[in-house]
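Because the structure is predicted, anything quoted here is derived from the model rather than measured.
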Amino acid sequence: MATRGTRSGKVKRIFLQFDANKDGGLNRAEMAALVVAVNPRVKFSDEQINAILDEVFRTYGEFIDGDKGLTFDGLLRTYDDGAGDVDRDFEALGLDLAADSDNAMVEAEASASIVDERAMEPQKKQRTAAWAASPNHGIVFDETWKLVDDLEILVKRLKAKQSKDGKLKNSDNSDAYSDAGWSREFGPSSELSENKRVVWAESGHDYAVFVKDLVVLRTRADGARSREEAFDGHMAIGRVLYDHQLFKEALVSFKRACELQPIDVRPHFRAGNCLYALGKCEDAKEEFHLALEAAETGGNQWAYLLPQIHVNLGIALEGQGMVLSACEHYREAAILYPTHYRALKLLGSALFGVGENRAAVKALEEAIFMKPDYADAHCDLASALHALGDDERAIVEFQKAIDLKPGHVDALYNLGGLYMDIGRYQRASEMYTRVLTLCPNHWRAQLNKAVSLLGAEEADEAKKAMKEALKMTNRVEVHDAITHLKHLHKKKSNGGVNGENPFFTVEASKFKTVNEKTALRQDLANALQIRAFQRISRLGRCDVELLKREVSENDVPMSFSGTGIPEKSIRKNVLEGVLRRLLSFLKPEAFQEAVKAINERILSILDESGLGRVDIGMFFAIIAPICSGPPDKRKRIAFEALLWRPINQDSSQLRKVDAARYINLLRAIYIPSHGLSEMLEIHGEPDASMVSLNEFLVMFDDRDWGFGIMSTLVKLENGDRTRHGRHLCSVCRYPIIGSRFKEVKSGISLCNHCYSEGKVPSAAKLEEYTFKEYESESAAVKDKLICFSL
């Protein structure tokens, strides 16, 4: 890991290595040699080399010195902007920093001018911060150097006191988890993840004295001779504080700089970085938006910084769970700076996060092409490939990530999950063991290890692993798994009948119901899938009244689809903002999971053109039936959402063809067995007739061609917390939650899931099965009393 001082020295050493004609610049031939040398595992074509050189010479035109080519400052800037990894390149070239230091000493002794310059300006030549010498963002005024010197002394004094008292804490798990890809204006792009994270003790006398002295420095900066000098002072103070991870104090300085020069991009960008480091993603997002606005209106002056703003804005949005919005900014950064491998990696990871796996694979492969040793990109590429079913390639990519970073927890954990999915339980348990070696308190790895050991038929080891998981956390998932293990162990001890399977699956035609109140097996199976989607999307907790408010209060401009039909369509990232309001009760991680489910199941179908735009009225109508609230209200708001669409606006009735298309869409999205073909089917002759709310409800409730399954769905919603005493499912042996399905002849009881799958115990073989559904145990007791009275 390079410090700021050694970083600049390494870049200088690389520069001198490839400046073959010693003219102080790298021409195209010398730059091409550098690109090839630092990427020994990549075979570049002439076209690729030329494309890379064109991009570098265009982006860093201000650092091109005529025919000499890219100057040292220009090469340093490319590394500062994340176009390369100094440590990796230096190591790949097999260079020695010490040798360069010796050469520098010889040169210093031989050059009187350099000695004289150091004597005249000693402060400028003793700086270790590379950013200070930057031509665009470094220190401009001599008085600012004095502020920096004094601040460095204050920080050093604070660090010494807190280290002595044991208050200063360092945390170094940089090798364990995926790098966030944080892009910075200067310095190593992944510096925050590479360096040890410092946690300062902000309570106590030492810190209070430091803050008091810091106020004095800020007052000195404010007392500068000009507004520009004051701005320079506050920016330098903020930069030093940020580098020492004193983010709260750095933010104060950057905010003051924003007041002094509101249209300057740099203080807004820096303030956004501080706010994100402090965990304030919403405020960070606002600062990055201000920086973006200033950069876009400032002409070419800030063109080089635009990609970094887009990347960091995307990361801040991801911190809020707004992954679709983040994708737009990562994509924009990659367009502005095609060789920005971190932007491409973040884009691929974000696309994977919203379920767009093929696009994710493409972006991640591009990132790896530019940086073959990017372990995090290999890890995420493997996850995307696994989601697409390409497990063999996924295993290879996971292994590459682990080879590059042996302690990569994400890669090890996800590879364990892949092995579990394909039934290689022993290998899975080995992966989880390695995760636990690195992170002993990783309860999910401990729980999955127990499950994989059970799959490998190592029951005793599985039991031990489960007990360890219970020690780590008291979560309900662990308790449910332990209960299930106990039932399986009990069942194994008792043995099956003549070695038979404990259950078998009965064909649907042999499942009969006592009356119409008992749900049909296929209807229940479909309703359970919809209920599962309700849970993962959290739409089941969204009050349908909020949809009505969105419809009535938001004015979406009219647009025209490819067929010329007027509609109110918005981009998917804008729709994500609407969902954030509807699901405001969710934490960022849960919201991201919800958006992924909604994007995969609903938006992928509604975005017929593939342009990333969705008919907002149709979207509201699609989600209304699965939101919370009385069923009649859900249907009415779905009807109102359809009326809100331009084609039906200012009318109290719907066109029948639109109502039919809506119901076909509803069935295609929520009832997978019907497939997408129904979207194009309209039963009966299409006509231009209109339907009222009552007629719409009749179409909606039709069990054959409508969404009559909603009554079964509502029953599942109401039975979420219903238990049936000590009744266990005769097949899975879990306590029955929700409806209990009792077979009238054999007396066996099935849970919702086993009934929907047609599973019955092997000991209860019948020619035909007749079931009665009990929504609660009180209903079963009441039924029993009626039988006794008869």
Side-chain angles (χ1 to χ4, degrees), residues 179-185 192-193 197 199 202 238 241-242 245-259 262-296 305-333 343 346-347 349-350 353-354 537-538 541-543 546 549-550 553-554 570-596 598-599:
D179 175 22
W182 189 247
S183 289
R184 306 184 65 223
E185 190 180 350
L192 283 181
S193 63
R197 184 65 186 264
V199 181
E202 297 182 1
L241 292 169
Y242 185 90
Q245 300 185 35
L246 289 156
F247 301 119
K248 190 181 294 185
E249 304 306 328
L251 179 62
V252 175
S253 295
F254 292 133
K255 283 289 190 180
R256 177 63 182 138
C258 289
E259 294 171 3
I263 61 172
D264 196 299
V265 174
R266 294 166 294 172
H268 290 296
F269 179 75
R270 287 288 170 188
N273 290 353
C274 289
L275 287 163
Y276 180 83
L278 292 168
K280 299 179 179 180
C281 294
E282 177 62 32
D283 295 333
K285 182 187 75 173
E286 294 305 319
E287 286 294 339
F288 287 135
H289 274 301
L290 290 171
L292 191 61
E293 184 179 339
E296 289 174 343
L305 190 54
L306 268 174
Q308 311 294 3
I309 298 173
H310 279 293
V311 166
N312 286 11
L313 176 53
I315 293 172
L317 286 164
E318 278 204 74
Q320 294 183 289
M322 306 283 286
V323 184
L324 284 172
S325 301
C327 285
E328 294 296 312
H329 290 285
Y330 297 145
R331 192 175 284 115
E332 189 64 27
L346 288 166
L347 174 60
S349 302
V354 294
S537 67
R538 277 70 169 188
R541 295 166 58 193
C542 171
D543 190 343
L546 293 175
R549 192 181 305 167
E550 287 287 340
E553 294 180 2
N554 288 329
I570 59 176
R571 291 193 60 80
K572 290 201 287 187
N573 61 301
V574 179
L575 178 60
E576 185 179 45
V578 175
L579 285 170
R580 180 75 268 191
R581 293 195 294 272
L582 295 174
L583 303 173
S584 58
F585 51 85
L586 291 180
K587 292 182 179 179
E589 297 81 5
F591 179 72
Q592 180 179 337
E593 188 180 43
V595 170
K596 178 180 181 180
I598 292 168
N599 185 51

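- When every heavy atom of Val265 is checked against every heavy atom of Ala295, the shortest pair comes out as CG2-N, 3.4 Å.
- Applying the salt bridge (Lys or Arg N to Asp or Glu O under 4.0 Å) definition to pairs two or more places apart or across chains, those involving residues 309-330 are Glu328-Arg331, Glu328-Arg571.
- Rounding to the nearest 0.5 Å gives a distance of 12.0 Å between CD1 of Ile263 and SG of Cys258.
- In this view, Arg580 satisfies the salt bridge (charged side-chain N to carboxylate O under 4.0 Å, His left out) rule with no residue, not counting sequence neighbours.
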| task | Tell me, with the steps shown, if His329 and Leu292 meet side chain to side chain contact (heavy atoms under 4.5 Å, CB included). | result | CA-CA 11 Å; His329 290 285; Leu292 191 61; 4.1 Å; yes
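- Atom CG of Leu586 is separated from atom OG of Ser537 by 9.5 Å, given to the nearest 0.5 angstrom.
- When every heavy atom of Pro307 is checked against every heavy atom of Ala333, the shortest pair comes out as O-CB, 3.6 Å.
- The distance from atom CD1 of Ile309 to atom CD of Glu332, rounded to the nearest 0.5 Å, is 11.5 Å.
- Atoms CG and CE, from Asn573 and Met322 in turn, are 8.5 Å apart once rounded to the nearest 0.5 Å.
- Inter-residue side-chain proximity for Gln592 and Val595 is flagged as unmet; no heavy-atom pair is nearer than 4.5 Å.
- The line from CG of Leu583 to CD1 of Ile598 is 6.0 Å long, rounded to the nearest 0.5 Å.
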| task | For side chain to side chain contact (heavy atoms under 4.5 Å, CB included), just list the numbers for Phe247 and Asn273, CA-CA rounded to whole Å, side-chain angles, deciding distance to a tenth of an Å, and then say yes or no. | result | CA-CA 9 Å; Phe247 301 119; Asn273 290 353; over 6 Å; no
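- Phe288 pairs with exactly one of Ile315, Leu313, Leu317 by the side-chain contact (heavy atoms from CB on, under 4.5 Å) rule, that one being Leu313.
- Annotation for Glu293: atom CD does not count as buried by contact number, only 12 or fewer foreign heavy atoms lying within 6.0 Å.
- With sequence neighbours excluded, the residues that form a side chain to side chain contact (heavy atoms under 4.5 Å, CB included) with Glu593 are Ile536, Arg538.
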